[in-house]
Amino acid sequence: MPELIPVLKEEEIEESIASVARQISSDYKGRPVVLVGVLKGAFIFLSDLARRLSIPVQIDFVRAASYGAGATSSGKIELTKEIDVDITGKDVLVVEDIVDSGLTLAYLLDYLKKFKPETVRVCTLLDKHERRQSQVKVDYACHTIEKGFLVGYGLDYDEAYRELPAIYHLKFQ
Ligand code: IMP
Ligand code: MG
């Protein structure tokens with residue numbers, strides 16, 4: 001059995017989300033924003049973030065599947081759920097659980113830009129620098145992590161651990 005090593009407590013996550021939400025609310029100055037959550041990992045983060053924002057939002061989701069099993073992204077990405085909300089001319093904020101290589105995000109940004117939104121920014125719960133390959137710009141990050149495979153608060157390993165309220169490093173013996 002892999003070991004779960006605590007990395008971020010519930011209260012730390014809550015505080016960082018509140019602070020990022022204040023920043024976003026102030027940056028958009030009351031303008032409405034379309035939050036585009038990346039399923040499945042971002043579902044808990046998006047629901048907590050949305051409730052902390054003081055600007056009007058619309059909420060949508062995309063689902064990005066990356067081929068290849070295991071703990072790393074293969075770079076070959078496919079969307080298995082596209083957006084429903086019309087984002088043309090709107091301000092879009094992509095809500096991710098974790099940016100690692102950046103390949104998923106780069107693919108998503110290209111996809112969203114085809115709909116000609118006014119702006120597209122990125123908000124991630126975790127900005128992990130371990131395998132960054134694509135120089136995508138992360139506009140808002142709640143926490144920066146150097147390395148390790150993380151689970152909990154929406155993040156999974158093989159669909160397990162998403163329900164944990166805190167974030168752990170999953171250590172394989
Ligand atoms: P990227 O394309 O390498 O940036 O990876 C992005 C996706 O890989 C994330 O949205 C997650 O679904 C998954 N991922 C990357 N690192 C982790 C991790 O440490 N724990 C859980 N999922 C991860
Ligand atoms: Mg994800």
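When a residue number appears, it is its place in the shown sequence, counting from 1.
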What's the verdict on side chain to side chain contact (heavy atoms under 4.5 Å, CB included) for Asp48 and Leu46, showing C-alpha distance, side-chain angles and the deciding distance?
CA-CA 5 Å; Asp48 281 347; Leu46 185 140; over 6 Å; no
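- In plain terms, the two heavy atoms of Leu8 and Ala166 that are nearest each other are O-CB, 3.3 Å.
- With hydrogens and angles ignored, the 3.5 Å screen pairs no side-chain donor or acceptor of Lys114 with any backbone N or O of Asp110.
- The main-chain N or O of Ser47 is found under 3.5 Å from a side-chain atom of Arg51 such that the two form a donor-acceptor pair.
- Between Lys90 and Glu118 there is no side-chain heavy-atom pair separated by less than 4.5 Å.
- Under the 4.0 Å criterion applied to side-chain N and carboxylate O atoms, Asp139 and Lys137 are assigned as salt-bridge partners.
- Residues Val34 and Leu93 are not in side-chain contact: their nearest non-hydrogen atoms beyond the backbone lie 4.5 Å or more apart.
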Evaluate the side chain to side chain contact (heavy atoms under 4.5 Å, CB included) criterion for residues Arg121 and Tyr28: first the C-alpha distance (whole Å), next the side-chain angles of each, then the deciding distance (0.1 Å), finally the verdict.
CA-CA 11 Å; Arg121 287 187 192 166; Tyr28 285 89; 3.3 Å; yes
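- Of the residues Val94, Thr104, Val138, Val38, the one that meets the side chain to side chain contact (heavy atoms under 4.5 Å, CB included) test with Val99 is Val138.
- Using a distance-only test at 3.5 Å, with no hydrogens or angles considered, a donor-acceptor pair links the side chain of Asp60 to the main chain of Asp84.
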If you apply the rule side chain to side chain contact (heavy atoms under 4.5 Å, CB included), what do you find for Ile24 with Val33, and how did you get there?
CA-CA 10 Å; Ile24 294 170; Val33 174; 5.7 Å; no
Can you list the steps and then say if Arg63 with Glu82 is a salt bridge (charged side-chain N to carboxylate O under 4.0 Å, His left out)?
CA-CA 7 Å; Arg63 171 117 204 258; Glu82 301 200 29; over 6 Å; no
With side chain to side chain contact (heavy atoms under 4.5 Å, CB included) as the test, would you mind laying out the steps for Tyr161 and Asp156 before giving the verdict?
CA-CA 5 Å; Tyr161 310 112; Asp156 75 309; 5.9 Å; no
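- For the residue pair Thr144/Asp127, the side-chain donor-acceptor check at 3.5 Å is not satisfied.
- If you take CZ on Arg22 and CD1 on Ile17, they are separated by 12.0 Å, rounding to the nearest 0.5 Å.
- Listed for the Glu12 side chain is a donor-acceptor partner under 3.5 Å among the backbone atoms of Lys9.
- Using a 4.5 Å heavy-atom cutoff, the side chains of Leu105 and Thr124 are not in contact.
- Ile5 CD1 to Tyr168 OH: the interatomic distance, rounded to the nearest 0.5 Å, is 11.5 Å.
- Side-chain contact between Arg162 and Lys40 is present, with at least one heavy-atom pair separated by less than 4.5 Å.
- Within 6.0 Å of NZ on Lys147 lie no more than 12 heavy atoms contributed by other residues, nucleotides or ligands.
- Between Ser134 and Tyr107 the shortest side-chain heavy-atom distance does not fall below 4.5 Å.
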Quick one, Arg52 with Glu14, criterion salt bridge (charged side-chain N to carboxylate O under 4.0 Å, His left out). Give me CA distance, side-chain angles, the key distance, then yes/no.
CA-CA 10 Å; Arg52 293 278 189 177; Glu14 204 180 299; 3.7 Å; yes
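- Rounding to the nearest 0.5 Å gives a distance of 9.5 Å between CG of Leu150 and CG of Leu125.
- Between Tyr157 and Phe149, the distance from one ring center to the other falls under 6.0 angstrom.
- Between Leu79 and Val62, the shortest heavy-atom contact is CD2-CB, 4.5 Å.
- Taking all atoms of both residues into account, the shortest heavy-atom contact from Ser54 to Ser25 is N-OG, 3.0 Å.
- The two residues Asp97 and Gly41 come nearest to each other via the heavy atoms OD2-CA, 3.2 Å.
- Contact annotation: the side chain of Asp100 never approaches that of Arg132 to less than 4.5 Å [non-hydrogen atoms, C-beta and beyond].
- The minimum heavy-atom distance between Ala141 and Val20, with the atom names listed, is O-CG2, 4.0 Å.
- In terms of modelled atom types and a separation under 3.5 Å, the side chain of Ser101 and the main chain of Arg131 share no donor-acceptor contact.
- With a 4.5 Å cut-off on side-chain heavy atoms, Val92 and Phe115 do not count as touching.
- The shortest distance between side-chain heavy atoms of Tyr153 and Leu164 does not fall below 4.5 Å.
- Taking OH from Tyr140 and CD from Gln23, the interatomic distance works out to 6.0 Å, rounded to the nearest 0.5 Å.
- Rounding to the nearest 0.5 angstrom, the gap separating the CD1 atom in Ile55 from the CG atom in Asp91 is 8.5 Å.
- With rounding to the nearest 0.5 angstrom, the CD1 atom of Ile145 is 7.0 Å from the CD1 atom of Ile167.
- When all heavy atoms of Phe43 and Gly154 are compared, the pair lying nearest together is CE2-CA, 4.1 Å.
- For the pairing with Glu3, the side chain to side chain donor-acceptor pair (under 3.5 Å) check across His169, Gln173, Lys171 returns one residue only, Gln173.
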